[in-house]
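Structure record follows, encoded as structure tokens.
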Amino acid sequence: MAPPPPLLRRRRGEQPPDPALDDAELVEVREQLGQGRWTRARSLLARTGDDWDRRGHRLLVLAAPKGTLAWAKDWLLAEPESADAAALLACAEVSSALLGKGSPDRARQSCRKVAGLVPEDPTPWLALLLLARHLGTEDEVTQLYDQVRLRHPEHHHAHHLIIARLAERRPDIGQDPLHEVYDFAAWAAEQAPADSPLAVLPVVAHAERYRALAVAGQVPPDPESSGHWAGRRARQTMKAAFDWWLEWEREDHPRSRVDLNFLAHAKFCEGRYAEAAALFHRIGPHRTAAPWSYPDRDSHQAFRAARGVVLGDA
């Protein structure tokens, strides 16, 4: 399977979504790492500890810039016993492989080495799952998801990855409300504690399935007019997720802005502009590419247009 396609070219002046989201300390450390100063990265990861969602988020964000590979090697050379340095290097090799610039096999070997060093850490398995989501088989994806969930049953990013892959199965059957991605999302949300952000997974599944269907030509490429968010089950799904957000408002989760973007997109496509407005206010500047880019749109333009409609600030 080929690596994912390159990002769409942006117009001058447009900024890409920042995967760091609202983690200001992560942004600062990433900038310093880009200058070869890895000691701040060491301190950041040490303080993150076993907050597994935050650790996975921070490692993958730090690993994404192309210069990280070299700096992680320098760090590991200076501190060969550092599991954090080895984890950063493994994640950087995964990032490089996904861009078609590195060896997937080398990345897999590095991740499995880290998994042996820190058996309780789901992050190397998350990195392997990220790689398999684009380059692996169905069995690989399932097995790696199980490894992550064994170590952290509520892992946010891992659930998003498995749902994105499940949504791509059998696009030929069209808008089947019994598709397995919906069942899986409902099951995962039910298994999680009441205040878990995994409650938003059914909304994520709905958007990911739309992407898969639109790419296959089964639904119109304009999400607002596709009717995908207009059905009874879709409306129930969006209402349940929005009601959860009103009750819990999990702003403390490192990937909460991901959920808010999926919710805002869903509410906008549903035509519930007042609810979408509340979500846009909470999102602030922290736009994510998914799902605004679905199926092949410019996420900046789609986000700005939707925000302008509901807030009047286009």
Side-chain angles (χ1 to χ4, degrees), residues 3-49 51-104 106-111 113-114 117-118 121 123-124 126-131 134 156-157 161 254-258 261 284-290 293 299-300:
L7 297 175
L8 295 175
R9 181 173 297 175
R10 299 183 303 275
R11 289 179 171 80
R12 183 173 298 177
E14 294 178 5
Q15 294 298 318
D18 190 340
L21 303 173
D22 57 343
D23 192 333
E25 187 177 12
L26 177 59
V27 172
E28 181 181 351
V29 171
R30 181 182 57 189
E31 292 175 355
Q32 295 205 1
L33 183 60
Q35 300 168 4
R37 291 182 283 175
W38 47 261
T39 55
R40 285 291 305 277
R42 177 181 59 189
S43 298
L44 178 71
L45 294 173
R47 289 195 307 275
T48 305
D51 183 345
W52 300 128
D53 277 314
R54 196 173 304 277
R55 177 175 171 81
H57 172 64
R58 285 176 163 174
L59 272 167
L60 289 176
V61 169
L62 290 174
K66 61 182 181 180
T68 297
L69 194 60
W71 299 129
K73 288 178 180 178
D74 284 353
W75 178 9
L76 190 59
L77 186 64
E79 299 181 356
E81 302 302 317
S82 171
D84 286 344
L88 181 59
L89 177 59
C91 290
E93 288 180 338
V94 167
S95 179
S96 179
L98 286 172
L99 292 173
K101 298 180 179 179
S103 166
R106 186 184 305 117
R108 293 185 186 100
Q109 291 171 5
S110 294
C111 288
K113 181 179 179 181
V114 175
L117 292 173
V118 193
D121 186 359
T123 308
L126 173 68
L128 284 167
L129 178 60
L130 178 62
L131 189 64
H134 295 288
H156 190 276
H157 197 167
L161 290 172
R255 284 168 48 89
S256 65
R257 292 304 190 276
V258 174
N261 274 267
H286 304 295
R287 164 179 61 91
T288 57
S293 61
S299 65
H300 175 85

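Positions are given from 1 along the sequence.
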*Locate the shortest heavy-atom distance separating P16 from R287; write the atom from each residue and the value.*
C-NH2, 3.9 Å
Result block: side-chain N/O donor-acceptor pairs under 3.5 angstrom for residues 70-78, not counting sequence neighbours:
residue, atom, partner, partner atom, Å
W71, NE1, L33, O, 3.3
W75, NE1, E79, OE1, 3.0

*Listed partners of D53 passing side-chain contact (heavy atoms from CB on, under 4.5 Å), at least two apart*: D51, H152, H155, H156, H253, P254
_Less than 4.5 Å apart, side chain to side chain, heavy atoms only: is that true for L126 and L60?_
yes
_Could you check whether any side-chain N or O of N261 sits under 3.5 Å from a backbone N or O of H286, counting only pairs where one atom can act as donor and the other as acceptor?_
yes
*By side-chain contact (heavy atoms from CB on, under 4.5 Å), which residues pair with V118, not counting sequence neighbours?*
A83, E120, D121
*Listed by chain and number, what are the side chain to side chain donor-acceptor pair (under 3.5 Å) partners of R106, not counting sequence neighbours?*
none
Would you be so kind as to tabulate the donor-acceptor pairs closer than 3.5 Å made by side chains of residues 84-102, with sequence neighbours excluded?
residue, atom, partner, partner atom, Å
D84, OD1, R55, NH1, 2.9
D84, OD1, R55, NH2, 3.0
E93, OE1, S110, OG, 2.4
S96, OG, G102, N, 3.3

*When rounded to the nearest 0.5 angstrom, what distance separates CG in L129 from CG in L161?*
5.0 Å
_Suppose we screen for ring-ring contact (aromatic ring centres under 6.0 Å, His included). Which residues come up paired with H57, at least two apart in sequence or across chains?_
none
_CD on E31 to CZ on R37, rounded to 0.5 Å_ = 9.5 Å
_side chain to side chain donor-acceptor pair (under 3.5 Å) partners of E81, counting only residues at least two apart_ = none
*Between CH2 of W38 and OG1 of T68, what distance do you get to the nearest 0.5 Å?*
14.0 Å
*For R257, enumerate each residue passing the salt bridge (charged side-chain N to carboxylate O under 4.0 Å, His left out) test, keeping only those at least two apart in sequence or located in another chain.*
D22, E251
*asked:* If the condition is salt bridge (charged side-chain N to carboxylate O under 4.0 Å, His left out), which residues does E28 pass it with, not counting sequence neighbours?
replied: R40
_Suppose we screen for side chain to side chain donor-acceptor pair (under 3.5 Å). Which residues come up paired with S82, at least two apart in sequence or across chains?_
none
*asked:* Nearest 0.5 Å, please: how far is NZ in K113 from CD in Q109?
replied: 10.5 Å
*Could you pull out the closest heavy-atom pair between C111 and P124, with the gap in Å?*
O-CB, 3.3 Å
_Do L21 and T288 make a side-chain contact, defined as non-hydrogen atoms from C-beta onward lying under 4.5 Å apart?_
yes
*Partners of S43 by side-chain contact (heavy atoms from CB on, under 4.5 Å), sequence neighbours excluded?*
R47
